[in-house]
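Within every chain, numbering begins at 1; the chains are lettered A, B, ... in the order of the sequence lines, protein sequences first and strands thereafter. Predicted, not measured: the structure shown is a model, and the values here were computed from it.
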There are 2 protein chains.
Amino acid sequence: MELRDIEIFLALAEELHFGRTAERLHVSQARVSQAIRTQERRIGAALFERTSRRVTLTPVGRRLREDLQQVHDLLQAALARAEAAGIGAGRTLKVGVFGHAGYELRPLIDAFRGRYPGSDVVFGEINGTEPFSALRSGEHDVNVLWLPVLEPDLTVGPTVLTGGRVLAVAAGHPLVERGTASLEDLADNMVVDFGPDAPEYWAASMVPVRTPLGRRIPRGPIARTFHEILSLVASGQCVQPLGEIAARYNNPPGIVFLPMPDAPDMNWALTWRSTADNAAIRALARTAADFEPIQL
Amino acid sequence: MELRDIEIFLALAEELHFGRTAERLHVSQARVSQAIRTQERRIGAALFERTSRRVTLTPVGRRLREDLQQVHDLLQAALARAEAAGIGAGRTLKVGVFGHAGYELRPLIDAFRGRYPGSDVVFGEINGTEPFSALRSGEHDVNVLWLPVLEPDLTVGPTVLTGGRVLAVAAGHPLVERGTASLEDLADNMVVDFGPDAPEYWAASMVPVRTPLGRRIPRGPIARTFHEILSLVASGQCVQPLGEIAARYNNPPGIVFLPMPDAPDMNWALTWRSTADNAAIRALARTAADFEPIQL
DNA sequence: GTACCTTACGAGATACGTAACCATC
DNA sequence: GATGGTTACGTATCTCGTAAGGTAC
């Protein structure tokens with residue numbers, strides 16, 4: 001009987017309802033049925049009496065539940081203790097962010113440091129051209145990326161930031177007069193290209209391929225870093241939608257950030273390589289899950 | 001951390017040697033290494049210090065070992081209790097045997113009944129033409145079959161009987177004079193065919209396709225039951241090698257059983273459908289494993 | 001007919017072995 | 001170079017979800 005089976009058994013023993021048990025454990029109802037059946041086969045006795053109306057524990061099941069509840073609690077405690085020791089071992093997490101987003105995350109990081117003494121976080125820089133490479137190379141433990149992130153080797157954790165978009169334009173751009181920009185305006189200007197290394201779907205979620213009216217949005221020169229983007233914009237060659245956060249702590253000469261009221265909000269989430277999952281990363285993710293996403 | 005990982009961890013914590021741990025758990029050394037590495041990743045701390053010369057527990061590992069040892073013991077006890085309740089629930093195992101082999105198994109069955117009050121065994125008859133069908137249909141829980149049994153859906157448990165072969169011949173057969181038979185003699189006589197339903201490799205382990213000198217052994221008519229075999233032999237149409245046990249409690253008119261000194265011993269083992277594995281079957285298998293195979 | 005548990009089947013994930021590799025004595 | 005732990009990679013097994021099938025009210 002593997003740990004997963006114990007969890008399913010205990011949850012069902014508590015809920016006495018296959019559907020609710022499945023929901024609680026985020027698995028299908030069929031899975032619960034299969035898992036219980038397998039255990040009953042192995043043990044050689046029914047653990048639950050069930051009709052389509054009622055689910056009840058048999059005497060054997062009742063006894064097993066008491067025993068396994070104790071085992072499960074002890075096991076969780078043991079693992080938690082080991083994890084705590086692991087986190088406390090002084091590993092520092094390197095978290096990749098765009099621009100100055102790390103500043104906004106301070107409440108989260110402070111909470112994390114408070115909860116797990118001995119742990120720490122340092123920030124690294126990421127850019128739009130290769131959003132995942134630092135994760136995959138192991139240089140970063142976690143990246144804060146806008147969603148969606150649909151990479152099979154990456155895990156998407158809790159959302160930590162949410163906010164609208166702004167359009168970066170040159171100071172002399174005609175749109176500056178109007179004071180705001182809309183998605184439709186993009187078709188009349190050239191936007192920066194994130195290059196071939198950035199996944200298409202991901203780049204498109206920042207700058208769509210077409211406007212809401214279906215006009216094609218022209219892509220211009222490739223920019224690797226945030227700085228290069230700003231240079232292209234300042235020179236008047238391009239405009240570029242960016243997360244609202246870019247406008248907060250940047251006041252670059254020759255550039256104006258215009259709000260884009262019709263652009264849907266974007267969400268930034270913690271993301272890490274699934275196989276590099278470890279106690280410190282999970283601890284950070286747990287901490288983040290307890291916070292509401294920071295609203296810009 | 002699944003139960004399997006706990007077992008590997010505890011075994012390594014005890015042995016402090018990857019090779020011995022692997023041997024003890026009947027897995028590869030690489031598997032032990034992988035399992036420990038995965039847990040260390042998840043926990044975020046080393047559990048063992050290791051060079052190619054020495055393996056020692058880290059403080060985190062030492063603590064985890066104490067905790068998990070307790071958890072593991074409690075879990076095993078809980079499952080054993082549930083299984084005992086399952087076996088005691090009065091299920092009767094139906095065990096298929098050839099001829100009177102059940103009689104020889106009495107010591108084993110008595111021990112099983114003694115160890116697991118409430119359990120019981122009844123015997124059913126099996127034959128060479130369809131050795132596995134009663135298992136697959138669910139009619140029998142366990143069959144006692146001669147080895148090898150190489151069916152992917154069947155589990156082969158402990159060997160319970162071992163013994164030589166005899167050749168059944170008609171009373172007037174020339175070999176009777178000699179008093180014994182050899183494998184070479186088979187080429188000069190026709191043997192019974194188990195029919196197309198019996199797996200080739202399995203039938204061949206009782207009656208090889210060729211003699212040791214390479215002469216082909218001619219197959220005669222198909223016989224379904226043990227009785228039909230004896231009829232064919234008595235009529236002089238065929239001879240037939242059989243397990244020594246066949247000669248013990250059969251004294252059929254017109255048939256003589258001749259020892260076959262050059263035929264290797266055969267082993268009979270408990271066999272069951274892997275998916276129908278349950279507590280009662282495992283209890284019988286455990287009991288059998290504590291006995292030496294009964295020597296005929 | 002509706003709520004709800006079970007079974008059948010296929011796809012994806014995981015466990016595991018083999019073999020090559022690397023480190024220590 | 002012998003012993004012993006690690007890594008890479010392919011395969012078999014298992015887990016789990018979807019969808020269809022029962023069964024009790």
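Atom CD1 of B/I8 is separated from atom C1' of C/dT14 by 13 Å (rounded to the nearest Å). Distance CZ (A/F48) to P (C/dT6): 10 Å, rounded to an integer number of Å. Between the C1' atom of C/dC4 and the CD atom of A/E49 lies a distance of 17 Å, rounded to the nearest Å. Rounded to whole angstrom, the span from the CD atom of A/E40 across to the P atom of C/dT7 amounts to 10 Å. C/dT7 atom C1' lies 11 Å from atom CZ of A/R41, rounded to whole Å. Taking atom CD of residue A/E15 and atom C1' of nucleotide C/dC5, one finds them 16 Å apart after rounding to whole Å. The CD-P distance, from B/Q34 to C/dA19, rounds to 15 Å in whole Å. As rounded to whole Å, 12 Å separates atom C1' of C/dT14 from atom CD of A/E2.
In this structure, the side chain of A/N143 does not engage the main chain of A/V97 through any donor-acceptor pair within 3.5 Å. Using modelled atom types, one side-chain atom of A/T58 and one backbone atom of A/L47 make a donor-acceptor pair closer than 3.5 Å.
First and last contacts of DNA chain D with chain B, using any nucleotide atom under 4.0 Å from a protein heavy atom and ordered 5' to 3', fall at D/dT3 to D/dA8.
Note on B/R53: every side-chain N or O is 4.0 Å or more away from OP1 and OP2 of C/dT24. Distances shown here put a side-chain N or O of A/R50 below 4.0 Å from the OP1 or OP2 atom of C/dT6. Contact annotation: A/R37 side-chain N/O to C/dT7 OP1/OP2 distance is under 4.0 Å.
Contacts of A/T51 with the nucleic acid, taken as non-hydrogen atoms under 4.0 Å apart, involve only primed sugar atoms and P, OP1 or OP2. Residue contacts for A/V55: at a heavy-atom cut-off of 4.0 Å it reaches the sugar-phosphate backbone alone, with no base atom in range.
Rounded to 10 degrees, the angle separating the terminal axes of the helix from C/dG1-D/dC25 to C/dC25-D/dG1 is 30°, with each axis obtained from five end pairs.
A salt bridge links A/R4 to A/E7: one of the charged nitrogens lies within less than 4.0 Å of a carboxylate oxygen. Residues B/R282 and B/D277 are paired through a salt bridge, judged by an N-O separation under 4.0 Å between the basic side chain and the carboxylate. Salt bridge status for B/R136 with B/E151: present, with a side-chain N to carboxylate O gap under 4.0 Å. Comment: A/E15 engages A/R24 in a salt bridge, judged by a side-chain N to carboxylate O separation of less than 4.0 angstrom. Comment: B/R62 does not engage B/D67 in a salt bridge, judged by the lack of any side-chain N to carboxylate O separation of less than 4.0 angstrom.
Taking the nucleotide of DNA chain D with the nearest heavy atom to each of A/H26 and B/Q29, the more 5' of the two is matched to B/Q29.
Ring-plane geometry between B/W202 and B/F98 is classed as parallel, the angle between the planes falling under 30 degrees on a 0 to 90 degree scale with a further cut at 60.
The ring pair (Phe, Tyr, Trp, His ring centres under 6.0 Å) contacts involving residues 9-41 of chain B comprise B/F9-B/F48, where partners must be two or more places apart or lie in separate chains.
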